[in-house]
Student: 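Encoded as structure tokens, here's the structure I'll be asking about.
Convention: sequence-line order gives letters A, B, ...; per-chain numbering from 1. No hydrogens, no waters, no symmetry mates; every other heavy atom, side chains included, goes into these values.
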Number of protein chains: 2
Amino acid sequence: MRQAAPTTTFMDTGHDHAHCLDEALDRAAALCADRGVRLTALRRRVLELVWGGHKPLGAYDILETLKAERRGAAPPTVYRALDFLRTHGLVHRIESQNSFVGCPDPNKPHGGQFLICRTCGLAAELNDSGVDQAIRKSAAKAGFSVGRPIIEIQGLCPHCRKKG
Amino acid sequence: MRQAAPTTTFMDTGHDHAHCLDEALDRAAALCADRGVRLTALRRRVLELVWGGHKPLGAYDILETLKAERRGAAPPTVYRALDFLRTHGLVHRIESQNSFVGCPDPNKPHGGQFLICRTCGLAAELNDSGVDQAIRKSAAKAGFSVGRPIIEIQGLCPHCRKKG
DNA sequence: GCTATAATGTTATAGTATAACACTTAAAAG
DNA sequence: CTTTTAAGTGTTATACTATAACATTATAGC
């Protein structure tokens, strides 16, 4: 085990984000090494951009930055990197926003549970077993076999509630 | 009150769908009358198409049908009708599929909880208070104020499990 | 080094959604 | 009943999101 439990709640605005980022990149490198897959410079860079903050980024936002750095970056450049990162659980897609955010806990396979602030745009990943169990129970009642649960809760984060 | 509690689980393949559809249109007419808003021919027709089955439809699928019926139907034609229907809770958007499905219970305001079969594409709307409570509890722990919860559970419906 | 495979570059296009303005129809006011 | 006003729809153009298909380059294993 390389890391202690990663962040799952809203960060202070002034938290040490460089630390989050470094840890995320270290986890990714370790995970890819374990699985014998390649965290190439491009994939690493895209992951870095996604972890640039706790606010989900659009694919074309990422592309804008890449274009300034690499000759000929195009949509497939970023979508392919994102596909790789998602396959390995390093990044989640926020379905309700067409955006992407780093996963703080890529080793544990899970669907995403997100709290998303409608004011500041920050997203926090939950992974609440109570929610998961309630869903499984409810699905079971309908005779439904649960594959990938998508949970995206729009609302107000603690900071924006106070300022509100 | 015009109607008894509407469907919330997976329908038999051979259920009386004409009945579902009629009830949905009646509910919509009553709701619009109550609220003093207009269920125009276009809006009614789009709702009818969305309720053509229990499988969510894409906006451009709806558009294809409309084009055959109305001169000059274009994307705004269908998106505007869908916006109206969504505003009044008559239709939900399935975020993970860019598709739209009729709501069986438009009077009770609620975010959508959906079970979506990855094989046959059918969607069933839940509205499980256990799930809702688990989410509220978990969000409260993070100091987050819940607005609109989006829950889309991909998996296998009872019929597709059996056919396997 | 050679070969097979994986990754990326490159061009084109598909699929989803909205902006902006013109026109028509229906409701409200007189 | 007509005028006025607002709501709804038509129409054109365009923005945003994502993938297909094929060429080229880089990497890993032999």
Side-chain angles (χ1 to χ4, degrees), chain A residues 28-29 32-50 55-88 90-101 121 150 152, chain B residues 28-29 32-50 55-88 90-101 121 150 152:
Chain A
C32 288
D34 275 1
R35 298 190 186 178
V37 295
R38 293 168 54 201
L39 187 62
T40 62
L42 173 61
R43 290 166 176 173
R44 191 185 144 89
R45 181 60 179 140
V46 169
L47 182 60
E48 204 176 0
L49 292 173
V50 167
K55 182 170 172 172
L57 284 185
Y60 283 75
D61 296 333
I62 297 167
L63 181 54
E64 278 312 290
T65 305
L66 280 185
K67 270 179 168 165
E69 301 172 354
R70 317 179 133 250
R71 179 196 78 117
T77 310
V78 53
Y79 281 105
R80 285 194 287 228
L82 287 171
D83 285 347
F84 171 87
L85 296 169
R86 291 171 67 198
T87 295
H88 293 287
L90 296 162
V91 162
H92 290 292
R93 181 170 200 272
I94 306 291
E95 302 292 342
S96 57
Q97 304 188 154
N98 301 331
S99 64
F100 301 86
V101 69
I150 296 168
E152 299 176 5
Chain B
C32 289
D34 274 2
R35 299 190 186 176
V37 296
R38 292 167 56 202
L39 187 62
T40 62
L42 173 61
R43 290 166 176 174
R44 192 186 143 92
R45 180 60 179 138
V46 169
L47 182 61
E48 205 176 358
L49 292 173
V50 167
K55 181 169 172 172
L57 285 185
Y60 282 75
D61 297 332
I62 296 167
L63 180 55
E64 278 313 288
T65 305
L66 281 185
K67 270 180 168 164
E69 301 172 356
R70 314 174 66 95
R71 179 196 77 116
T77 311
V78 53
Y79 280 105
R80 285 194 287 228
L82 288 171
D83 284 348
F84 172 87
L85 295 169
R86 290 170 67 198
T87 295
H88 292 288
L90 296 163
V91 161
H92 290 291
R93 181 170 202 271
I94 307 290
E95 302 291 343
S96 56
Q97 306 187 151
N98 300 330
S99 64
F100 302 87
V101 69
I150 295 168
E152 300 177 5

Student: With a 4.5 Å cut-off on side-chain heavy atoms, are A:Phe100 and A:Leu57 touching?
Tutor: no
Student: Return the value, rounded to whole Å, for the distance between atom CZ of A:Phe84 and atom P of C:dA6.
Tutor: 13 Å
Student: Rounding to an integer number of Å, can you tell me how far B:Arg80 CZ sits from C:dA20 C1'?
Tutor: 10 Å
Student: In whole angstroms, how far is the P atom of D:dC16 from the OH atom of B:Tyr79?
Tutor: 15 Å
Student: Tell me the interatomic distance from B:Asp83, atom CG, to D:dT9, atom C1', rounded to whole angstroms.
Tutor: 14 Å
Student: Near DNA chain C, counting only heavy atoms under 4.0 Å, which residues of residues 55-76 of chain B show up?
Tutor: B:Tyr60, B:Pro75, B:Pro76
Student: Just the rounded figure in Å: distance from P of C:dG9 to CZ of A:Arg45.
Tutor: 14 Å
Student: Do A:His92 and A:Arg86 have side-chain N/O donor and acceptor atoms under 3.5 Å apart?
Tutor: no
Student: State whether the side chain of A:Glu152 and the backbone N or O of A:Glu95 hold a donor-acceptor pair below 3.5 Å, judged by distance alone.
Tutor: yes
Student: Can you check side-chain contact (heavy atoms from CB on, under 4.5 Å) on B:Leu42 and B:Leu66, steps first, answer last?
Tutor: CA-CA 9 Å; B:Leu42 173 61; B:Leu66 281 185; 4.1 Å; yes
Student: Between A:Thr77 and B:Phe100, which has a closest nucleotide on DNA chain C that is more 5'?
Tutor: A:Thr77
Student: Which ones in residues 37-44 of chain B lie close to DNA chain C, meaning a heavy atom under 4.0 Å from one of its atoms?
Tutor: B:Arg38
Student: Restricting to side-chain hydrogen bond (donor to acceptor under 3.5 Å, both in side chains), what partner residues turn up for A:Asp61, sequence neighbours left out?
Tutor: none
Student: If you look at every heavy atom in A:Leu47 and A:Ala28, which pair is closest and at what distance?
Tutor: CD2-CB, 3.3 Å
Student: Looking only at atom types and distance, does a side-chain atom of A:Arg43 sit under 3.5 Å from a main-chain N or O of A:Arg38, one as donor and one as acceptor?
Tutor: yes
Student: B:Leu39 and B:Cys32: which non-hydrogen atoms are nearest, and at how many Å?
Tutor: CB-SG, 3.9 Å
Student: How close or far is atom P of D:dT9 from atom CG of B:Leu82, stated in whole angstroms?
Tutor: 12 Å
